[in-house]
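To keep things clear, I will list the structure first and then write my remarks on it.
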Amino acid sequence: MTTDTTPYSSDERSTGLPAGGPNPPAAPDVKPGDSLGREAWRRLKQNKAAMASLVILIVMAIICVAGPWFMPWDLDEVDWEAFMAEPSLSSGHLLGTDANGRDLLTRTLYGGRVSLSVALVATVVSLVIGVLYGAISGYVGGRVDNAMMRFVDIMYSLPFMFLVILLMVVFGRNIFLIYAAIGAVEWLDMARIVRGQTLGLKRREFIEAAHALGVKGSTIVTRHLIPNALGPVIVYVTLTVPKVILLESFLSFLGLGVQEPLTSWGVLISEGKDMMETAPWMLLVPSLFLAVTLFCLNFLGDGLRDALDPKTR
Amino acid sequence: MLSYTLKRLALAIPTLLIVITISFFLMRVAPGGPFDGERQLPPEIEANLKAAYHLDEPLPMQYLRYMGNLLQGDFGPSFKYKDFSVTELIVQGFPVSLELGFWAILLALAIGLPLGVIAALKRNSSIDYLVMSIALGGIAVPNFVIAPLLALVFGVLLAWLPAGGWNGGAWQNMLLPVIALSIQQIAYIARMMRASMIEILSSHFIRTARAKGLSESEVIWRHAMRPAMLPVVSYLGPAIAGIITGSVVIEQIFGIPGIGRYFVQGALNRDYTLVMGTVVFYGALIVLLNLIVDLLYSVLDPQIRYDD
Amino acid sequence: MKLNRLFSSTLLSLALGATMLSTAQAATLRINNAAEPGSLDPHKGRNMWDSRIQRELFDRLVDYGPDGRLVPGLASSWDISEDGMTYTFHLRDAQWSDGTPITAHDAAFSLHRLLRPEIANQNANLYYAIVNAPAVNAGRAAPETLGVHVLDDRTLEITLNQPTAYFLQSMAMSEAAPLPEHYLKAQGDNWIKPDQTVVSGPFRLTQWQPQAQVVLEKNPRFYDADAVKLDEVIFYPIDDDNGALNRFRAGSIDISYSGVASARYEWVKENLPDALRSGPLVGEYFYMFSLRDGTPLADKRIREALNLATRREVITEQILGMGQQPSYWLVPRVTSGGAKGKMAFADEDMTARMTRARQLMKDAGYGPGNPLTLTLRYNTSEDHKKIAVALAAMWKPLGVNVQMLNSEAAVHYAAIDQGDFEIARYGMIATVNDPFDFLGAYTTDGSAGNSTGYHNADYDALIERSTHELDPDKRAALITQAQQLLLDDYALLPLYDYVTNYLVSPKVKGWQSTPMDVHPLRYISIEE
């Protein structure tokens, strides 16, 4: 399917709906639950780019979690003979060392644990809150929408740094707090986007039809509105991941993120940027891990969108 | 529409009041103060400083004093930049950030939107993958890496453009920071445009339009483009507020006198009045831009109405 | 004995006259000032980048020469009474930039203003030796009661409570500059305005765009204007050291005061050897130990063991590599005043030190089998981080488990102020070039004494005596003795004496590295 260059054909091909007919996005006769997931999975499997990305992401996660156990160096182990050493086979530092003589590959793998889990948790938090909040606000409309969106405006305007500092004062230094704090600000964009989509969707025939048939509001939101807004949502999720990973490094700069000797990709990249000319591997190694992750996430995201698209089901 | 707009503008005042109040207390309960620095101060001098800035009064008193001044349009003097009032700092710095941000957004839209549309039309083709990979590059490399890299390559090694400085806003000085600012936005806009265009192209009314025998370009430009812009516009509201208030990273690396640094440096220095100034200013922009976005929705999709 | 020091400033200008240039075209010097000035009012700024500009606008009675030594400024000479309690300054014939004569009234006005509580000057305590100064600064006495008297238009007398060795140094600080009384009276407290502010120094302010630039122009009414070779000076507030380096390399700045970060030092040394100008600075990089009861570091054995196990050369050479001098003391070696002494183990070899350190930890009840967990605080910076990481690695063999805690500067220093730490990074850069600036902090009432809980009555007594001792040799002996007590108590973990690393274009002439980091522009010229 990756070679298919005809515009729009992927939709036309699978829907088989008569032109001009009703366009039931989540057709009521599709059984919820398993079969829906299985159908999406079947579609996803056909997308080579997405499947390759999924495999790479899983491998990435596995080497970040398990890799450090097999490394000859420890996270905070200093090689007093090799400060800022170039990547080399003979020294045993395959990807070089940092300014403190610590093995860069080991640190990048440990950093991956932090960055990937921050990305996962913060993104899921922002996705769940943002999508539900935005869909409800847009669907209910009126005063409720107005009040909910003014709350979003307020959240946007609060100085984020002090919000995080305060969270830290109240709950102590805690890595889960970072995830929560990041998730707590990142849902705002998501909510605005989903609300915008909902406002447009709720006037469409199929929603009005469902409404007229007496379908409950909560069902309309979860089974009709959200699935149809999924395209921009999935894309925005994949865009949230790099944001979240880099935001974590800003929090670490404030002393609110991970503490040495633990590290993260964002922290490693910001350490490496000063070495651009003198020790480029310090910038390139973590950047490469991050870039590969983001590319895979995006292609996986596109594949997921296609697979879950209610219009093509 | 007009009454909706007026109602929203009236709502802006309580919204901002809540923002100001929460921010004021949030900031003041955070540890560290404006006079905590490398050189510890003797108690007598610390007392003088606190008295000079009324920090020796009870917090609610300080809040009332601040609100009183604010109602008269007085944001107070900056703690850190003592020869300027917060208003002067924002008034002098904002035009710079605005100018830079304006060009960055323009560039991002001019490149990002067509890229997104092309990728959607050539969906899952090699052109799509190429365009999206370029866009992703803009996201995968953070601006704190892009900006010094641009300065190094074009400012120092090739010496085609100034490595930094503002120089009254000469285009040579603006080019690199504008590019650095827009790279990420191009990626965001292109990615979102692609997704939403794909969505729209498969929707019912586009098929109807096609069935009517309209040409492809007519279908895309007359029918698909506007509704497809919806999620991009949703994103752009807050994004524009962020971009035109400057980026601390870009400003520091290129030495640009914008207000972006005040958001971060103000907070790091515990420059209370400056922080509050930026919060009020940014809050007002957010409220305004989100209102504009909401109004734009009904332009882009006539079905959207605000009934209340 | 009446000391009468008369310097001839003509001598200086003669010496520099050799480098005089024809001034056919305007000579503009472009300086990276490293940060946006907080204020150009000498009573309100407190940072290096504030005073760097203030000093060019407002001359002082006592000044720093090109090499950093004290020379006459607006006062052509001064007398110090034999008991060291009365200073009489004789002002030279000089004018403000608006043509009004500079008088002793202006000098007295400035000192009065400096000590007014509502001005809230942050270095006011350096003038507390003046009669009634603490009371005036606390708002308990009228400014008129200050021990500052105008004997006539050209003579100012200052009386002190007690002899104070560093008083002349404090008169050379930017805070002590005479201010134009007539102009301030007319303008009020908001008197710094481009093109209007009346100045006494070699340059006047013509433009100030916050975060963009401060532009100074030669002041033709400066008393030694003929010797000033620069016509215009532009200060850029570049607060990103990489950005500063880029612009220096691109040739758009002539002097960069950003300092070179350790990450780029090697590169700069290799590629810009003519521009890199290093020199010692009166400043000390060290870690504070909290000595309060109940903290592990109240045990001197542990403090000694940590000091023993710290390989300072690794930090100065491998981690930083910027020519810092490893230090086993608190008062930087370049400080005037003759402070000597070092930690007892300083010359021992590392094996012996580690053996003793392990033994000390064992005696204190710790070891690899029973590790001691210590929390180490530092404020966010790549170099601070690297040093903290290295310390943790060096102490690991002792069975010390270091938990690192970084925070932004405001939180870091607030925690130190409240004594909320076990080991905390600290840096002291002198405001006056005198050992008291460092050692005074560790007295029981001093700032470091307050934060760490260090208390040693003998130490306090020695410091007190040294402050009033006017004989330089006797004072040096007292200070050395006091410092040795502090070091023998292992009250802190000194790491190195600061250095400055600036970039100065080879076409800039007359620029010298000085211990107090003062580089008067009137001695600097530019050669194309």
Side-chain angles (χ1 to χ4, degrees), chain A residues 1-5 7-8 10-11 19-20 23 49 141-143 146 149-150 153-154 156-159 161-163 165-166 169 188-189 192-193 195-197 199-200 203-205 231-232 234-236 238-239 242 246 266 269-270 273 276-277 283 287 290-291 294-295 298 302 305 309 311-312, chain B residues 11 15 18-19 22-23 26-27 29-31 121-125 129 132-133 136 139-142 144-145 148-149 152 188 191-192 194-196 198-199 201-204 207-208 211 227 230-231 233-235 237-238 241 263-264 267 275 279 282-283 286-287 290 293 297 301 303-304 307-308:
Chain A
M1 104 180 257
T2 50
T3 51
D4 190 351
T5 53
Y8 340 120
S10 59
D11 300 317
N23 185 19
R143 282 167 192 275
N146 215 341
M149 283 301 120
R150 297 302 72 75
D153 286 352
I154 291 171
Y156 267 122
S157 311
L158 293 181
M161 218 187 98
F162 288 110
L163 208 64
I165 292 177
L166 194 74
V169 171
L188 300 173
D189 279 346
R192 292 271 324 161
I193 290 169
R195 169 182 172 270
Q197 295 301 98
L199 287 175
R203 302 280 178 209
R204 299 271 169 81
E205 305 87 338
I234 290 177
V235 167
Y236 201 75
T238 59
L239 295 173
L246 296 173
I269 291 173
S270 78
K273 72 168 197 300
M276 218 176 262
E277 271 180 294
L283 174 62
S287 298
L290 177 65
L294 297 184
F295 272 77
N298 277 277
D302 285 354
R305 195 216 75 87
D309 189 346
K311 287 184 282 299
T312 57
Chain B
L11 257 180
T15 308
I18 295 173
V19 167
I22 298 178
S23 304
L26 202 60
M27 175 180 77
V29 293
L121 293 177
K122 309 275 176 197
R123 176 179 182 197
N124 290 343
S125 71
Y129 287 124
M132 281 303 114
S133 298
L136 279 176
I139 307 178
V141 188
F144 60 77
V145 174
L149 196 65
L152 180 67
Y188 269 76
R191 291 280 307 149
M192 292 180 59
R194 174 187 181 276
S196 121
I198 288 174
E199 202 91 0
L201 287 177
S202 68
S203 74
H204 171 49
R207 289 177 201 192
T208 319
L230 216 69
V233 167
S234 301
Y235 162 76
F263 286 82
V264 176
V275 170
V279 164
Y282 186 70
I286 282 280
V287 167
N290 277 342
V293 166
Y297 282 160
D301 184 346
Q303 284 187 314
I304 296 179
D307 27 36
D308 198 353

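Here the structure is a predicted model, which means the values were calculated and not measured. So that the names make sense, note that chain A is the first sequence line, chain B the second, and so on, each numbered from 1.
- To the nearest 0.5 Å, the span separating CG on A/L199 from CG on B/D301 amounts to 9.0 Å.
- Closest of all the heavy-atom pairs between A/L290 and B/A140 is CD2-O, 3.8 Å.
- The minimum heavy-atom distance linking A/A49 with B/Y129 is given by the pair CB-OH, 3.6 Å.
- Contact annotation for A/L166: only side-chain heavy atoms (C-beta onward) come within less than 4.5 Å of a heavy atom of chain B.
- Using a 4.5 Å heavy-atom threshold, the side chains of B/P142 and A/I269 count as touching.
- A/D302 meets the salt bridge (Lys or Arg N to Asp or Glu O under 4.0 Å) test with B/R191, B/R194; sequence neighbours excluded.
- Across A/Y156, A/Y236, A/F162, A/F295, the residue that shares the most heavy-atom pairs under 4.5 angstrom with chain B is A/F162.
- Here the closest heavy-atom approach between residue B/V279 and residue A/S157 is recorded as CG1-O, 3.8 Å.
- For the pair A/M161/B/V275, no side-chain contact is recorded, criterion being any heavy-atom separation below 4.5 Å from C-beta on.
- Separating the CG atom in A/L163 from the CD1 atom in B/I22 is a distance of 9.0 Å, to the nearest 0.5 Å.
- Among A/R192, A/K273, A/M149, the residue with the largest count of heavy-atom pairs under 4.5 Å with chain B is A/R192.
- When side chains are defined from C-beta on, B/T15 counts as touching A/I154, because their heavy atoms get closer than 4.5 Å.
- No side-chain heavy atom of A/R150 sits less than 4.5 Å from a side-chain heavy atom of B/I18.
- The CD1 atom of B/I139 sits 4.5 Å away from the CG atom of A/L239 when rounded to the nearest 0.5 Å.
- Among the candidates B/P148, B/S133, B/A241, the residue making the largest number of heavy-atom pairs closer than 4.5 Å to chain A is B/S133.
- Counting heavy-atom pairs closer than 4.5 Å to chain A, the top residue among B/V293, B/L149, B/V233, B/V264 is B/L149.
- Annotation: maximal heavy-atom pairing with chain B below 4.5 Å, among A/S270, A/A291, A/S287, occurs at A/S270.
- In terms of heavy-atom pairs under 4.5 angstrom with chain A, the leader among B/P227, B/A30, B/A195, B/A267 is B/A267.
- Both the backbone and the side chain of A/N298 come within less than 4.5 Å of a heavy atom in chain B.
- The closest side-chain heavy-atom distance from B/V145 to A/M276 is below 4.5 Å.
- Annotation: maximal heavy-atom pairing with chain A below 4.5 Å, among B/Y235, B/F144, B/Y297, B/F263, occurs at B/F144.
- Residues forming a side chain to side chain contact (heavy atoms under 4.5 Å, CB included) with B/P231 (at least two apart in sequence, or on another chain): A/I193, A/Q197, A/P232, B/M192, B/S196.
- You'll find the side chain of A/E277 reaches within 4.5 Å of the side chain of B/L152, heavy atoms only.
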